[in-house]
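All figures in this text were calculated on a predicted structure; none of them were measured in a lab.
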Amino acid sequence: TDPLPGLGVVPGKVIKFDESKVGAVPHIGWNGRIKHQDSPVFAHVGEDEEVYFVHSYYAPIVDENKDWVLTSTTYGGEKYISAVQKGCVVATQFHPEKSGKTGLNFIKGFLEVSKAYRFVILLIGAACILFIFYSSV
């Protein structure tokens, strides 16, 4: 599948999972995360806790976005970005609202961080949940 430009918030492209390589598409179910950087949004989430995914497209880690990568996940041999954070932007490929206690603890960490900021935007899209918070400073 040819790479697509995505939303343009995070550098890089998105690619549809190849069903012949990964098996079922969309990827639906629980999967783990590999931490690439520390973040207070995961303050209440253990590194071994799984989160819930529902998606057909993924963003591979490339030079242009590697400084955005908060966590990565592998599905069917394809390693992709499962959460990003840079500056005042945090986004997830997984669905916190479907991830049970782990998702609630992720949202708790996010809300604790967002108290220091003026306002919070929660945009729920087909491929991710995007949280954007702007500094009051």
Side-chain angles (χ1 to χ4, degrees):
T1 305
D2 291 332
L4 301 169
L7 299 174
V9 176
V10 178
K13 305 281 186 188
V14 295
I15 303 169
K16 186 172 184 178
F17 283 116
D18 183 342
E19 197 167 337
S20 68
K21 292 181 181 177
V22 301
V25 176
H27 169 212
I28 300 175
W30 298 90
N31 210 330
R33 300 158 290 108
I34 297 169
K35 181 174 79 170
H36 290 252
Q37 58 178 302
D38 290 320
S39 173
V41 298
F42 282 110
H44 306 288
V45 178
E47 288 187 34
D48 60 338
E49 292 182 56
E50 293 188 337
V51 291
Y52 196 80
F53 291 87
V54 180
H55 62 121
S56 297
Y57 291 80
Y58 68 96
I61 300 170
V62 295
D63 286 340
E64 294 82 17
N65 63 28
K66 66 183 176 185
D67 59 331
W68 285 75
V69 181
L70 185 53
T71 66
S72 65
T73 298
T74 301
Y75 175 62
E78 296 289 351
K79 184 177 181 179
Y80 62 89
I81 300 169
S82 52
V84 295
Q85 180 170 357
K86 185 169 183 180
C88 295
V89 177
V90 176
T92 65
Q93 179 70 51
F94 61 88
H95 288 263
E97 81 285 3
K98 295 180 184 222
S99 295
K101 183 178 178 185
T102 300
L104 290 174
N105 284 335
F106 172 84
I107 293 169
K108 178 181 178 180
F110 172 79
L111 292 174
E112 287 174 357
V113 171
S114 69
K115 287 180 184 177
Y117 295 86
R118 187 175 301 152
F119 62 91
V120 179
I121 297 172
L122 170 59
L123 170 64
I124 300 176
C128 71
I129 294 178
L130 177 63
F131 301 104
I132 302 174
F133 43 98
Y134 295 90
S135 175
S136 61
V137 179

Mind checking salt bridge (charged side-chain N to carboxylate O under 4.0 Å, His left out) for Asp38 and listing every partner two or more places apart, or none if nothing turns up?
Lys35

Would you confirm whether His95, through its side chain, and Glu97, through its main-chain N or O, come within 3.5 Å as a donor-acceptor pair?
no

When the ring planes of Tyr80 and Phe53 are compared, do they come out parallel, tilted or perpendicular, using 30° and 60° as the limits?
perpendicular

Output all residues satisfying salt bridge (charged side-chain N to carboxylate O under 4.0 Å, His left out) with Asp48, sequence neighbours left out; order by chain, then residue number.
none

I'd like to check Val22 versus His27 (side-chain heavy atoms, cut-off strictly below 4.5 Å). Are they in contact?
no

Honestly curious: do Leu111 and Phe94 fall in one hydrophobic cluster under the side-chain, below-4.5 Å linking rule?
yes

Between Thr102 (side chain) and Val51 (backbone), is there a donor-acceptor pair under 3.5 Å?
no

Would you say that Gln93 contacts Thr73 through its side chain, given a criterion of any heavy-atom pair below 4.5 Å between the two side chains?
no

Between the side chain of Ser99 and the main-chain N/O of Tyr52, is any donor-acceptor distance below 3.5 Å?
yes

Considering residues at least two apart in sequence or located in another chain, which fulfil the side chain to side chain donor-acceptor pair (under 3.5 Å) criterion with Glu19?
none

Here the pair of heavy atoms bringing Ile15 nearest to Pro60 is CD1-CG, 3.9 Å

Would you check if the distance from the ring center of Tyr75 to the ring center of Tyr58 is below 6.0 Å?
no

Partners meeting side chain to side chain donor-acceptor pair (under 3.5 Å) with Asn31 (sequence neighbours left out)
none

Which pair of heavy atoms, one from Asn65 and one from Ile81, lies closest together, and at what distance?
ND2-CD1, 3.5 Å

In terms of heavy-atom contacts, Gln85 and Gln37 come closest through O-NE2, 3.4 Å

Heavy-atom closest pair (Glu47 atom, Arg33 atom, distance to 0.1 Å) is O-NH2, 3.8 Å

Go through the structure and list residues passing salt bridge (charged side-chain N to carboxylate O under 4.0 Å, His left out) with Lys13, not counting sequence neighbours.
none

Using side chain to side chain donor-acceptor pair (under 3.5 Å) as the criterion, list what pairs up with Lys86, not counting sequence neighbours.
Asp67

Would you confirm whether the ring centroid of Phe106 sits within less than 6.0 angstrom of the ring centroid of Phe42?
yes

For a quick test of reading the model, state the closest non-hydrogen atom pair linking Ile61 to His36 and the distance between them.
CD1-CE1, 4.0 Å

A side-chain contact here means heavy atoms from C-beta on lying under 4.5 Å apart; do Val90 and Val113 qualify?
no

Atom of Ser72, atom of Lys79 and distance for their closest heavy-atom approach:
OG-CE, 3.3 Å

